[in-house]
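Letters go in sequence order (proteins before strands), and every chain restarts at 1.
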Amino acid sequence: MMITDSLRKEKIEMNLDRNRVVRMFVCGPTVQDKIHIGHARTYIFFDVLARYIRSRGYDLFYLQNITDVDDRIIKKSREEGISAEEVASRNLNLYREILSSIGINSINFFARATLFMDEIRDQVARLLSKGHAYRTSDGIYFRISSFPEFGRLSGQSLESLISGARIAPNENKEDYRDFVIWKLRKEGEPFWESPFGQGRPGWHIEDTAITESFFGPTYDIHGGGSDLQFPHHEAEIAIERSISGEEYLARFWIHTGMVNIRNEKMSKSLGNSVYVSDLLKSYSGSEIRMALLKSGYRSTINFSQDMLDEAKLNSTGLTTLFRKLKNSKPGKGIDNFRTGWIERMQEFLDDDMDTRGAIIALNEFSSYINSNLDNISQDQREYAINVLQWSYDILGIFDLNPDSGSSNSLIESMIDLRNSMRKKKDFHSADMIREKLREGGVYIEDRGDTTVWWIE
RNA sequence: GGAUAGGUGGCAGAGUGGUUAUGCGUGGGACUGCAGAUCCCAUCUAUUAGGGUUCGAAUCCCUACCUAUCCUCCA
């Protein structure tokens, strides 16, 4: 399959190896607060990518880090009078609940940074001994001048970073572009022991320590939001390659676009964050997935209520189709029945994970089956159910509604009674039964001489 | 100022030289006792502006204007 590699800045063949584990790492959140729709966009995309790669016969290990110690978490712990560890644990639990609500089930391991202190200290020590890092009075810094390729991923040259710089000067640093890898302990902050003094890790080195301990110095896929390209992913590359001497850190770099609100990025200061937990009050996880997967993964999404409402319609349509297929009676079959729908979706996904194209193909499939629903044979019906099942497994943009049509003698007999009323043209009584069923949460639909029902 | 994406109908959003996708919306029709779902047809005189290349440009080139993201908090 083809994928746009952020480092090479072109669409290239993603040649993975079926004979060994495919290693994918995606930058997870700092567990300081609830996650917003922008996080969801990124994690839903990589969830689909992971599912798809696996469906193609690869054994993929999907690793995600969790930043569970940082300035914002510490700030929050002070505000609430509880430990930073408690803040992090609480938000991590919330995070995992939300992931499961939006159908993200592909992550093999969540690596909390604070559980990898040995590996972090070890990386700091190796960088120091190789001359890639140095001590100051407030911490240990990575020496950016020792890694000339810094800036390649984000298209920034070291020089241009000087002219556009808007960072506060720090006289402790040799060069203000240097970044911290170990922060020495400050009063009232959590700290860990280390040979270079009590303190806590800098952000960038957490991820390299985690990936090195799971995958070694190189791995296959590194993903994350495009806002992490600079400086975070640049720093990861600089750290790990300085340590390993390898030509690369990850073979493929994949970045998702931002989700904007009214044309602006979500941020705390603008107060425009849309939290997933709030959306889940009105929309299902699969509807949220539909809304986000309808755009190409690299494009900026301008979030709106309309977008979700439209996705909800799309999603419901597919759920309805699945329900009908499960309940309808087979017909004689139609000639020249069109197949190849899964292959068509695969073509889209093989071309830079075009989920939007795959959804369009799925909608066409939906129209086609709906048009022929009363005529398709048992085999054709099973094929159609397979297509939907496959789409559900990979994209997760609608629901399979397992409750519908299962045998329930009370409901069935009420429907039989209603249909005999209808035959006698006693529509008043028939409508009353329908009303009663609806009060009990049972929806029915007359299709020719059969009646389909489901529970919402 | 630098880097990177873009600017397409009422809205969202494809399309890298030659029948103007697709979804939502809107109008009409079919089906139905009704409802629901679905299907069909139509509709919205759409390509930021100005030049250029070409038989032909949304697509390639130039200029201008505009927008977003990044340039050490960030998914």
Checklist entry - Rounded to the Å, how far apart are A:Lys312 NZ and B:rG23 C1'? => result 17 Å
Next on the checklist: With hydrogens left out and only the distance checked, is there a donor-acceptor pair under 3.5 Å joining A:Asp446's side chain and the base of B:rC34?
Outcome noted: yes
Checklist entry - In the strands shown, is B:rU69 matched to any nucleotide by a Watson-Crick or G-U wobble pair with both distances under 3.5 Å, and which? => result B:rA3
Item to check | Of the listed nucleotides B:rC74, B:rU72, B:rC34, the one nearest the side chain of A:Arg418 | outcome: B:rC34
Checklist entry - Do A:Lys294 and A:Ile301 come within less than 4.5 Å of each other through their side chains, counting heavy atoms only? => result no
Next on the checklist: My understanding is that a pair needs two contacts under 3.5 Å, Watson-Crick or G-U wobble. By that rule, which nucleotide pairs with B:rA42?
Outcome noted: B:rU26
Checklist entry - Base, sugar-phosphate, or nothing: which does A:Tyr443 touch, judged by heavy atoms less than 4.0 Å apart? => result nothing
Checklist entry - Using atom C1' of each nucleotide, how far apart are B:rG7 and B:rA49 to the nearest Å? => result 11 Å
Checklist entry - What distance, rounded to whole Å, do you find between the two C1' atoms, one in B:rG29 and one in B:rU19? => result 27 Å
Listing, residues 436-445 of chain A side-chain donor-acceptor contacts under 3.5 Å, not counting sequence neighbours, or none:
none

Item to check | Given A:Val48, A:Ile98, A:Ile44, the one that forms side-chain contact (heavy atoms from CB on, under 4.5 Å) with A:Ile104 | outcome: A:Ile44
Checklist outcome for this item: Out of B:rU69, B:rU72, B:rA14, minimum distance to the side chain of A:Met258 belongs to B:rU69
Checklist entry - What distance, rounded to whole Å, do you find between the two P atoms, one in B:rG13 and one in B:rU53? => result 34 Å
Item to check | Integer-rounded Å distance: B:rC31 P and A:Asn375 CG | outcome: 16 Å
Checklist entry - Side chains of A:Asp350 and A:Tyr52: is there a donor and an acceptor less than 3.5 Å apart? => result yes
Next on the checklist: What's A:Glu264 touching, base or sugar-phosphate or nothing? Going by heavy atoms closer than 4.0 Å.
Outcome noted: sugar-phosphate
Next on the checklist: Roughly how many Å apart are B:rU26 and B:rA37, using the P atom of each and rounding to a whole number?
Outcome noted: 14 Å
Checklist entry - Can a donor-acceptor pair under 3.5 Å be found between the side-chain atoms of A:Arg434 and the base atoms of B:rA35? => result yes
Checklist entry - If you look at every strand shown and take non-hydrogen atoms under 4.0 Å, does A:Lys425 touch a base, only sugar-phosphate, or nothing? => result nothing
Checklist outcome for this item: In whole angstroms, the gap separating C1' of B:rA35 from CG of A:Leu437 amounts to 14 Å
Checklist entry - For A:His255, which contact category applies under a 4.0 Å heavy-atom criterion: base, sugar-phosphate, or nothing? => result nothing
Next on the checklist: With rounding to the closest Å, how many angstrom separate the P atoms on B:rC66 and B:rA42?
Outcome noted: 41 Å
Item to check | Rounded distance in Å between the C1' positions of B:rC65 and B:rG50 | outcome: 11 Å
Checklist entry - Which value, in whole Å, describes the distance between the P atoms of nucleotides B:rA21 and B:rA46? => result 11 Å
Next on the checklist: Under 4.0 Å, counting only non-hydrogen atoms across every strand here, what does A:Leu313 touch: a base, just sugar-phosphate, or nothing?
Outcome noted: sugar-phosphate
Next on the checklist: If you take the centroid of each ring, where Trp contributes its six-membered ring, are A:Phe214 and A:Phe109 closer together than 6.0 Å?
Outcome noted: yes
Next on the checklist: For A:Lys75, I'd like to know if atom NZ has over 12 heavy atoms of other residues, nucleotides or ligands within 6.0 Å.
Outcome noted: no
Checklist entry - Any luck finding a side-chain donor-acceptor pair between A:Tyr392 and A:Asp399 under 3.5 Å? => result no
Checklist entry - When the nearest nucleotide of RNA chain B is assigned to A:Ile360 and to A:Gly257 on a heavy-atom basis, which residue is associated with the more 5' position? => result A:Ile360
Next on the checklist: As a test of reading the structure: which of B:rU72, B:rG13, B:rC70 is closest to the side chain of A:Asp227, going by heavy atoms?
Outcome noted: B:rC70
Checklist entry - For A:Val259, which contact category applies under a 4.0 Å heavy-atom criterion: base, sugar-phosphate, or nothing? => result base
Next on the checklist: Counting only side-chain heavy atoms from C-beta out, which of B:rU69, B:rU38, B:rA75 sits nearest to A:Lys324?
Outcome noted: B:rU38
Checklist entry - Of the nucleotides B:rG23, B:rG36, B:rA75, which one has an atom closest to the side chain of A:Met266? => result B:rA75
Checklist entry - So which nucleotide from B:rG36, B:rU69, B:rC39 ends up closest to the side chain of A:Glu445? => result B:rG36
Checklist entry - Hey, are A:Lys183 and A:Glu189 close enough for a salt bridge, meaning a charged N less than 4.0 Å from a carboxylate O? => result no
Checklist outcome for this item: Among the nucleotides B:rC34, B:rU22, B:rC39, whichever has the atom closest to the side chain of A:Arg422 is B:rC34
Checklist entry - Is there a Watson-Crick or G-U wobble partner for B:rA14 with both distances under 3.5 Å, and which nucleotide is it? => result none
Checklist entry - Does any nucleotide pair with B:rA58 by Watson-Crick or G-U wobble geometry, both distances under 3.5 Å, and what is it? => result none
Item to check | Protein-nucleotide distance (A:Asp354, atom CG; B:rG13, atom C1'), rounded to Å | outcome: 12 Å
Item to check | B:rA57 versus B:rG51 - spacing of their P atoms, nearest Å | outcome: 13 Å
Next on the checklist: Using the side-chain heavy atoms of A:Pro231, tell me which of these nucleotides is nearest: B:rA75, B:rA68, B:rU72.
Outcome noted: B:rU72
Checklist entry - A:Ile144 has an atom CD1; how far is it from atom C1' of B:rU72, in whole Å? => result 9 Å
Checklist entry - Below 4.0 angstrom from OP1 or OP2 of B:rG13, is there any side-chain N or O of A:Ser299? => result no
Checklist entry - Using the ring of each side chain (for Trp, its six-membered ring), is A:His132 parallel, tilted or perpendicular to A:Phe142, with breaks at 30° and 60°? => result parallel
Item to check | Between P of B:rA75 and CH2 of A:Trp203, the distance in whole Å | outcome: 6 Å
Checklist entry - Could you give the CD1-to-P distance, from A:Ile301 to B:rG6, as a whole number of Å? => result 15 Å
Checklist entry - B:rU72 phosphate, OP1 or OP2: any side-chain N/O from A:Lys173 under 4.0 angstrom? => result no
Item to check | Watson-Crick/G-U partner (both atom distances under 3.5 Å) of B:rA64 | outcome: B:rU48
Item to check | Between B:rU4 (P) and A:His233 (NE2): distance, integer Å | outcome: 19 Å
Next on the checklist: Please classify the nucleic acid contact of A:Asp178 as base, sugar-phosphate, or nothing, using heavy-atom distances under 4.0 Å.
Outcome noted: base
Next on the checklist: Does A:Asn314 reach a base, just sugar-phosphate, or nothing at all? Heavy atoms under 4.0 Å.
Outcome noted: sugar-phosphate
Item to check | Nearest to side-chain heavy atoms of A:Thr42, which nucleotide of B:rU67, B:rA75, B:rG23 | outcome: B:rA75
Item to check | Any-strand Watson-Crick or G-U partner of B:rC31, both distances under 3.5 Å | outcome: none
Checklist entry - If you check the A:Asn370 side chain, which of B:rA68, B:rC39, B:rG23 turns out closest? => result B:rC39
